[in-house]
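Excluded from the calculations below are hydrogen atoms, water molecules and symmetry mates; all remaining heavy atoms, backbone and side chain alike, are included.
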Amino acid sequence: MKVDHQLIIVGGGPAGLTAGLYAARAMLDVTLLEKGAPGGQVLNTDWVDNYPGFPDGLSGFDLADKMTAQTKRFDLEIKQAPVTGMDLQEDVKTLHLEEGGTLTCRAVILATGARPNHIDIPGETEFAARGVSYCATCDAPFYRGRIVAVIGGGNTAIQEASHLTKFADKVYVIHRRDELRATKILQEKAFANDKIEFVWDTVPTAITGDKSGVTGIELKNVKTDKTSSLDVEGVFVLIGLRPNNEMLPMEQLKTKDGFIVTDQEMHTSIPGVFAAGDLISKNFRQIANAVGEATTACLSAEHYLAHLPDE
Ligand code: NAP
């Protein structure tokens, strides 16, 4: 059966663009489908200091732009075409497009990423990238000698709070209960860290600031209803991630908490379907590991395509 492409990549963040680069350079018949502009979450990242090869760092926008330009050198076709559904179980994979119609292919790389949960309080959007951050690994070095707040009590919040103390003078951890969700070992490390102060049973109600960025956070104790505020220059909202999986046939794929389970070669549970980047089930979500996984995903897809029986 004739198909539209050998390989379709869904998602144009660092993982999708890297898979696209490798696939186009390997002269596969490939197209990349992206719902907006290529770049993904990186486009919302003010500054990237930890992606190798850029000794002075660069803006997230510039990194996305450079990654896209590199794919263009090898004529990768990038289509702005949101995907609304997929049938992946057959040998021929079918992708349904929002604009109407379908595209078929032999192999798919899923790289639709994830988005951080937002706390949805006044000031959060206004001060995004001006003191409000969703990634301490990315932004902690900007808070050297400052006072910051972390919202959340899970593994990410507690691990990142400890990481932040390498830079910040003080880290408040604001948690809505009086018990952390994070594993005991991370808890013990955080409790022993005298730069961390826990604010229990408390939710943030507003992030305040001025032209310079964030200057404080308003709080409410959920048991007493007492309100208070803290002077902080950074607020790290670390209350979990949501995978961008709305267009995926979740019933066909092996998943964990909504993220796609892969093996080390980035195979999903369906032959011919690979996944990479923030969409997959893993502990650490960085540009550099997304790029590595996407490289593996593309090489695995290439191997899969090369070993398909002749029509
Ligand atoms: P998570 O485990 O879902 O924890 C989210 C935290 O945010 C919880 O403490 C939750 O409070 C709080 N929260 C959620 N919504 C909130 C809201 N609207 N307002 C205030 N607080 C809110 O998310 P995660 O920490 O990002 O971890 C995600 C997954 O990655 C987990 O499976 C985790 O184990 C894994 N992970 C593992 C490691 C590691 O092993 N080193 C590191 C990072 C992440 P409640 O506790 O009250 O629900």
Side-chain angles (χ1 to χ4, degrees), residues 1-38 40 71 74-115 242-256 258-263 265-281 290 293-311:
M1 183 182 162
K2 195 171 161 358
V3 289
D4 294 308
H5 298 282
Q6 279 180 297
L7 172 66
I8 295 180
I9 298 162
V10 188
L17 290 172
T18 303
L21 170 68
Y22 270 76
R25 197 163 175 271
M27 315 243 312
L28 293 180
D29 169 11
V30 55
T31 193
L32 185 154
L33 306 178
E34 161 60 43
K35 73 172 163 38
T71 69
F74 300 99
D75 296 326
L76 174 69
E77 180 182 57
I78 300 178
K79 279 190 191 160
Q80 197 181 342
V83 175
T84 52
M86 304 180 191
D87 298 315
L88 300 177
Q89 254 161 343
E90 303 302 324
D91 289 347
V92 172
K93 320 293 180 198
T94 305
L95 277 62
H96 302 265
L97 306 181
E98 189 182 85
E99 66 193 27
T102 57
L103 283 175
T104 54
C105 58
R106 300 268 170 210
V108 176
I109 296 177
L110 304 172
T112 52
R115 55 194 186 277
R242 207 174 310 172
N244 295 324
N245 62 12
E246 292 78 5
M247 73 305 282
L248 301 181
M250 298 299 278
E251 71 292 348
Q252 297 175 11
L253 288 154
K254 184 169 177 202
T255 61
K256 182 165 180 263
F259 293 90
I260 306 301
V261 173
T262 62
D263 66 11
E265 273 71 47
M266 301 298 133
H267 300 101
T268 68
S269 52
I270 305 177
V273 180
F274 308 84
D278 284 4
L279 175 68
I280 70 167
S281 177
E293 292 147 14
T295 305
T296 305
C298 185
L299 296 175
S300 292
E302 216 181 315
H303 184 268
Y304 171 83
L305 290 166
H307 290 83
L308 283 177
D310 290 336
E311 290 287 280

* Structure fact -> All heavy atoms of I9 vs all of A19, minimum pair found to be CD1-C, 3.6 Å

* Straight-line distance of M27 CE to D75 CG, nearest 0.5 Å -> 10.0 Å

* To the nearest 0.5 Å, what is the distance between CG (L7) and SG (C298)? -> 6.0 Å

* Asked: Where do G258 and P243 come nearest, in terms of heavy atoms and distance?
  -> O-CG, 3.1 Å

* Checking side chain to side chain contact (heavy atoms under 4.5 Å, CB included) against I8, which of V30, T104, L33, V3 comes through? -> L33

* **L103 side, atom CG; L97 side, atom CG - distance, nearest 0.5 Å** => 4.5 Å

* salt bridge (charged side-chain N to carboxylate O under 4.0 Å, His left out) contacts in which one or both residues fall within residues 20-31, not counting sequence neighbours -> none

* Over 12 non-hydrogen atoms of neighbours within 6.0 angstrom of CD in E246 -> yes

* Asked: What distance separates L299 CG from E265 CD, expressed to the nearest 0.5 Å?
  -> 10.5 Å

* To do: Kindly compute the distance separating CG (L305) from CG (L28), expressed to the nearest 0.5 Å.
  => 6.0 Å

Under 3.5 Å, sequence neighbours excluded: what are the donor-acceptor pairs made by side chains of residues 268-277?
residue	atom	partner	partner atom	Å
T268	OG1	I270	N	3.2
T268	OG1	I270	O	3.4
T268	OG1	V273	O	2.8
S269	OG	K254	N	2.8

* Would you indicate whether D91, at its atom CG, is surrounded by more than 12 heavy atoms from other residues, nucleotides or ligands within a distance under 6.0 Å? => no

* Asked: Roughly how far apart are T71 OG1 and L17 CG, rounded to 0.5 Å?
  -> 6.0 Å

* Which atom of S281 lies closest to which atom of V261, heavy atoms considered -> CB-CG2, 4.3 Å

* Asked: Is any side-chain heavy atom of I280 closer than 4.5 Å to a side-chain heavy atom of M266?
  -> yes

* Looking only at heavy atoms, which two atoms of T18 and A294 are closest? And how far apart? -> CB-CB, 3.8 Å

Donor-acceptor pairs under 3.5 angstrom involving side-chain atoms of residues 77-89: please list them, not counting sequence neighbours.
residue	atom	partner	partner atom	Å
E77	OE1	T31	OG1	2.8
T84	OG1	H96	O	3.3
D87	OD2	H96	NE2	3.1

* Just wondering, do T255 and N245 contact through their side chains at under 4.5 Å, heavy atoms? -> no

* Check whether any side-chain heavy atom of T262 lies under 4.5 Å from a side-chain heavy atom of H267, and answer yes or no. => no

